[in-house]
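Right, one structure below, let's go through it.
Nothing here was measured: the structure is a model prediction, and the numbers come from that model. All heavy atoms count here, side chains included; hydrogens, waters and symmetry mates do not. In the text below, chain A, chain B and the rest are named by the order of the sequence lines, each starting its count at 1.
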2 protein chains.
Amino acid sequence: MNIGQAARASGVSAKMIRYYEQIGLIRPAERTDSNYRSFSERDVNDLRFIKRGRSLGFSVEEITNLLSLWRDHTRPSREVKAIADAHVSDLRARIAEMQAMADTLTALSEGCAGDDRSDCPILIDLAEGPKPRAARIEDHNGATS
Amino acid sequence: MNIGQAARASGVSAKMIRYYEQIGLIRPAERTDSNYRSFSERDVNDLRFIKRGRSLGFSVEEITNLLSLWRDHTRPSREVKAIADAHVSDLRARIAEMQAMADTLTALSEGCAGDDRSDCPILIDLAEGPKPRAARIEDHNGATS
DNA sequence: CGTAGGGCTTCCCATGATGGGAAGGTCAAG
DNA sequence: CTTGACCTTCCCATCATGGGAAGCCCTACG
């Protein structure tokens, strides 16, 4: 199986296959007499594993670990779960961050006419920093943050 | 004002200030006799603008546009709003993507004992691809997706 | 006044995952 | 035997950021 065929079969681009080989994520492929890489079904399965891992947002480094856990069927599921859970935490943290950005911007955009006038709370916020959000009445009671 | 002082005053690292200058995001700073960059209050304000924009997830390119809109007070808010809204769409799309990843992984992780046994649905999913979700009963009625 | 330490300058390199493209070898079909 | 599609390696670019080296400058202290 050529690299192109392996690419089509796995959904991983030929460029990426070479890259994964180069960084040691996959074993160096066999070579034909003419120096073409030659892939087995098993190689393609590994590539599919990698592809799926990437689509779940795992870094190549995490996939390296997951792949070695997968190959060694005696390893405890604890290790796999730890990697996955750490990744989920990471995802959720980044989601929260981006959600906050989106919410802030949405609020600012709603206050922006979006017409010919130049007045725009978005620019004001960028220039002057975040305006304190509508103060909650409870806060007057001296609860120090 | 030295670059270090400007960095402290704006929250943008000296490295980044030089970079922003290099790519033309900010005007080249004045220089002292000894070739040190010299920043004004106005420069620092620009840096704060940039900093705030980055913290809202705008790319440097988007900030370039926002900054020029900010400097030209005659421009219509429509343009600003368009940039912001496009960015919000982008954020929301990426959030949805990551949310889907996190949800999938959470479900898989819940099915994983995380103990000494090697059996683990996470690895199975990675190796074999996504399992069809628990089929909803309504779906038996032939509603084609 | 001399020197030490900290700040500044530029320049190069690295990150992570991906793609683009050039130059050249190979293979299969016509 | 030629043509076109494929393969090989190598280099470059992305985006925003940091690390670090080599060398100049400035200030404060003895």
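Computed from coordinates, the Ile17(A) CD1 to dG19(C) C1' distance equals 14 Å when rounded to whole Å. Atom CG of Leu47(A) is separated from atom C1' of dA17(C) by 15 Å (rounded to the nearest Å). Put simply, CG on Asn2(B) is 12 Å from C1' on dT9(C), counting in whole angstrom units. If you measure from atom OH of Tyr36(B) to atom C1' of dT10(C), you get 13 Å, rounded to the nearest angstrom.
Here the CZ atom belonging to Arg27(B) is positioned 6.0 Å from the CZ atom belonging to Arg71(B), to the nearest 0.5 angstrom. For the atom pair CG (Leu56(B)) and NE2 (His87(B)), the distance works out to 7.0 Å, reported to the nearest 0.5 Å.
Map Lys15(B) and Ser34(A) each onto its nearest nucleotide of DNA chain D; the residue landing nearer the 5' end is Ser34(A). Between Tyr20(A) and Asp33(A), it is Tyr20(A) whose nearest contact on DNA chain C lies nearer the 5' terminus. In terms of position along DNA chain D, the nucleotide closest to Val60(B) lies nearer the 5' end than the nucleotide closest to the other residue of the pair Val60(B) and Thr32(B).
Counting atom types as modelled, Tyr19(A) pairs no side-chain N or O with a base atom of dG16(C) as donor and acceptor under 3.5 Å.
For Arg42(A), the CZ atom is loosely surrounded, since the number of other residues' heavy atoms within 6.0 Å does not exceed 12.
Boundaries of the chain A contact region on DNA chain D are dC6(D) to dC10(D), first to last in 5' to 3' order (nucleotide atom under 4.0 Å from a heavy atom).
Phosphate proximity of dA17(C) to Arg18(A): absent, as no side-chain N or O sits under 4.0 Å from OP1 or OP2. In terms of phosphate contacts, Arg54(A) brings no side-chain nitrogen or oxygen within less than 4.0 Å of OP1 or OP2 of dG16(C).
Of all heavy-atom pairs spanning Cys120(A) and Ser77(B), the tightest one is CB-CB, 3.8 Å.
Exactly one residue among Asp119(B), Asp115(B), Asp116(B) makes a salt bridge (charged side-chain N to carboxylate O under 4.0 Å, His left out) with Arg78(A). That residue is Asp116(B).
Judged by distance alone, with hydrogens and angles left aside, the side-chain atoms of Ser109(A) form no donor-acceptor pair with the main-chain N or O of Thr106(A) at under 3.5 Å.
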